[in-house]
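Data first, discussion second: the structure below is written as structure tokens.
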Amino acid sequence: MASIEFRNVAKSFDNGKVTVIPDLSFAINDKEFVVLVGPSGCGKSTTLRMIAGLEEASKGEIYIDNKLVNGVAPKDRDIAMVFQSYALYPHMTVYKNMAFALKLRKMPKTEIDRKVHAAAKMLGIEQLLDRKPGALSGGQRQRVALGRAMVRNPKVFLLDEPLSNLDAKLRTEMRSRIALLHKQLQTTFVYVTHDQTEAMTMADRIIVMDKGIVRQYDTPQKLYSEPADMFVAGFIGSPSMNFVDCTVRKNKGKITVDFAGNSMCVPEQKAKALVPYVDRTVVMGVRPENISAFADGQNECEGCVITAETEIAENTGGEVNVYFNLADSRCVACIRTEQKVSSGDVLKLFIDGNAVHFFDKETTGAISAV
């Protein structure tokens, strides 16, 4: 098993003309499941390839199991990588695909057989060992790719968007299977994805990347409830957080925020952080699930009631995603209602004041009480 550490790592291409990772530092604990998440081109796959040794760092140091691995060949790093494309040998059976690396190590046949069958049983693919990849579904191929990595018993598993080729149902099934596999193997997992739902449901901790830098490195719950900036707040959560410009006011000792003809009294803990921003514009962030259909008798002092004209209504079964405009910003609310909602309907919605976030309009950083 192994920890991983990046110390001021940079990566450039084209003789230093293109820098994709300017300065990256983080540490992953032994046996931890860490997900690198971010939009396409943010540097997450390049980071994974540097851990694997498939790309060399231009600057900085990379440690695996407290050993400097800069310049160490991929085969000598004791890692196993699972790719998006599965990378199975099409002319070999599932058994031979899984056994191939062990045969190269000249491991005894009985030991190879034991390891392959043990991995196949854990992954539920024992009945597929005699088939070739062409006769398998996408989910089955991905399990074979996982099995091929498992039999090597590596210190670190690296998974590069392994579920992106699967349909929605299979993705959900494989997410839970990979999470269970991590618990069973008790090995360090580093997983790359652009899908924040995968990150939130699988990870012990998540590294949110953007343009080659770490925006926030924390637990899924902390990323959701205490985002460091607007990028993290907007990236984590589905549908994305709503952002609305508002003006901070101080009335009779109370801090309020004004937006689109509405005024909301800010809860005391959040109000303290807004004192330096009185009479200035900040950005209020509110998640769609924290905007509900207003019910008579609801305590308006704990939030703000707004009137919204529905642009689009998406019925997802248990909820309706209601899209509307607020202060020149397009917003969405996830509301639970038994009534049919249609375009053009005017609704009374309640913003939960205890769940809102505030961000500095210039720096985009979160405004929080010290």
### Message
Before you tell me yes or no, could you show the steps for K155 and T188 under side-chain contact (heavy atoms from CB on, under 4.5 Å), namely the whole-Å CA-CA distance, both residues' side-chain angles and the distance that decides it to 0.1 Å?
### Response
CA-CA 7 Å; K155 288 182 178 178; T188 306; over 6 Å; no
### Query
K183 and F33: side-chain contact (heavy atoms from CB on, under 4.5 Å), yes or no, with the steps?
CA-CA 9 Å; K183 290 182 179 180; F33 194 133; over 6 Å; no
### Task
Give the minimum heavy-atom separation between V82 and L146, together with the two atoms involved.
CG2-CD2, 4.0 Å
### Query
At what distance, to the nearest 0.5 angstrom, does NZ of K115 lie from CG of L102?
6.5 Å
#### Entry: N/O donor-acceptor pair under 3.5 Å between R249 side chain and K254 backbone
no
#### Entry: Polar side-chain atom of N70 near backbone of I62 as donor-acceptor pair, under 3.5 Å
yes
### Query
Just wondering, do D195 and L163 contact through their side chains at under 4.5 Å, heavy atoms?
no
#### Entry: 4.5 Å side-chain heavy-atom contact, T172 and R175
yes
#### Entry: Closest approach of T193 to K44 (non-hydrogen atoms, all atoms of both residues)
O-CE, 3.2 Å
### Message
Pairing donors with acceptors under 3.5 angstrom, does anything connect the side chains of R330 and Y323?
### Response
no
### Task
Measure the CE-CZ distance between M230 and R215 for me, rounded to the nearest 0.5 Å.
10.5 Å
### Criterion side-chain contact (heavy atoms from CB on, under 4.5 Å) on E311 and F324, from CA distance to verdict
CA-CA 5 Å; E311 283 192 340; F324 60 96; 5.5 Å; no
### Message
A side-chain contact here means heavy atoms from C-beta on lying under 4.5 Å apart; do N97 and P133 qualify?
### Response
yes
#### Entry: Atom of F235, atom of H194 and distance for their closest heavy-atom approach
CZ-O, 3.7 Å
### Query
Do N242 side-chain atoms and V286 backbone N/O form a donor-acceptor pair below 3.5 Å?
yes
### Task
Kindly give the heavy-atom pair with the smallest separation between G234 and S240, and that separation in Å.
O-OG, 3.1 Å
### Query
Does F13 have K11 sitting over its ring (NZ/CZ under 6.0 Å from centre, angle to axis within 45°)?
yes
### Query
Does Q142 use its side chain to pair, donor to acceptor, with the backbone of P162 at less than 3.5 Å?
yes
### Task
Answer yes or no: is there a side-chain heavy-atom contact under 4.5 Å between D218 and E226?
no
### Task
Determine yes or no for a side-chain-to-main-chain donor-acceptor pair under 3.5 angstrom, with K270 supplying the side chain and V356 the backbone.
yes
### Task
Quick one: closest heavy-atom pair of E319 and C334, and the distance?
OE1-CB, 4.0 Å
### Query
Would you say Q140's side chain and S137's backbone share a donor-acceptor pair under 3.5 angstrom?
yes
### Query
From D245 CG over to D258 CG, what is the distance, rounded to the nearest 0.5 angstrom?
13.0 Å
### Residue D76 excluded, over 12 heavy atoms near CG under 6.0 Å
yes
### hydrophobic_cluster_shared for V257 and V275, side chain cutoff 4.5 Å
yes
### Query
Less than 4.5 Å apart, any side-chain heavy atom of M209 and any of L24?
yes
### Query
Would you find a donor on one side and an acceptor on the other, under 3.5 Å apart, between the side chain of H182 and the backbone of K31?
yes
### Query
Under a 4.5 Å cut-off applied to non-hydrogen side-chain atoms, are R280 and K361 in contact?
no
### Message
Grouping I, L, V, M, F, W and Y whenever their side-chain heavy atoms are under 4.5 Å apart, do V35 and L185 come out in a common cluster?
### Response
yes
### Message
If hydrophobic clusters are built from ILVMFWY residues whose side chains come within less than 4.5 Å, do I236 and F359 share one?
### Response
no
### Task
For the pair T256 (side chain) and S263 (backbone), establish whether a donor and an acceptor sit closer than 3.5 Å, ignoring hydrogens and angles.
no
### Task
Mark yes when over 12 heavy atoms from residues, nucleotides or ligands other than D14 sit less than 6.0 Å from its CG; otherwise mark no.
yes
### Distance, nearest 0.5 Å, that separates OG of S3 from CD of E32
10.5 Å
### Task
For residues F6 and I51, determine if any side-chain heavy atom of one lies less than 4.5 Å from a side-chain heavy atom of the other.
yes
### Query
Are L181 and L166 connected in the hydrophobic side-chain network, where two residues link if heavy atoms are under 4.5 Å apart?
yes
### Task
Mark yes or no for whether T19, through its side chain, and P22, through its backbone, hold a donor-acceptor pair below 3.5 Å.
no
### Query
Hey, is CD on E268 packed in by over 12 heavy atoms from elsewhere, all under 6.0 Å?
no
### Query
Side-chain contact, heavy-atom cut-off 4.5 Å: V37 with E198?
no
### Query
Can you name the nearest heavy-atom pair linking T187 to P154, along with the distance?
CG2-O, 3.4 Å
### Message
Rounded to the nearest 0.5 Å, what separates atom CG in L54 from atom CG in L48?
### Response
8.5 Å
### Step-by-step side-chain contact (heavy atoms from CB on, under 4.5 Å) determination, R143 to M174
CA-CA 8 Å; R143 279 184 277 170; M174 286 301 297; 3.8 Å; yes
### Query
Any donor and acceptor pair, going by atom type alone, linking the side chain of T310 with main-chain N or O of D345 inside 3.5 Å?
yes
### Query
In this structure, are over 12 heavy atoms from other groups packed under 6.0 Å from E362 atom CD?
no
### Task
Supply the atom-to-atom distance N29 CG to E5 CD, rounded to the nearest 0.5 angstrom.
10.0 Å
### Task
Applying side-chain contact (heavy atoms from CB on, under 4.5 Å) between L36 and each of I28, V208, I207, report the one that passes.
I207
### Message
Quick check on the hydrophobic clustering: are V72 and Y63 connected, directly or via other members, by side-chain heavy-atom contacts under 4.5 Å?
### Response
no
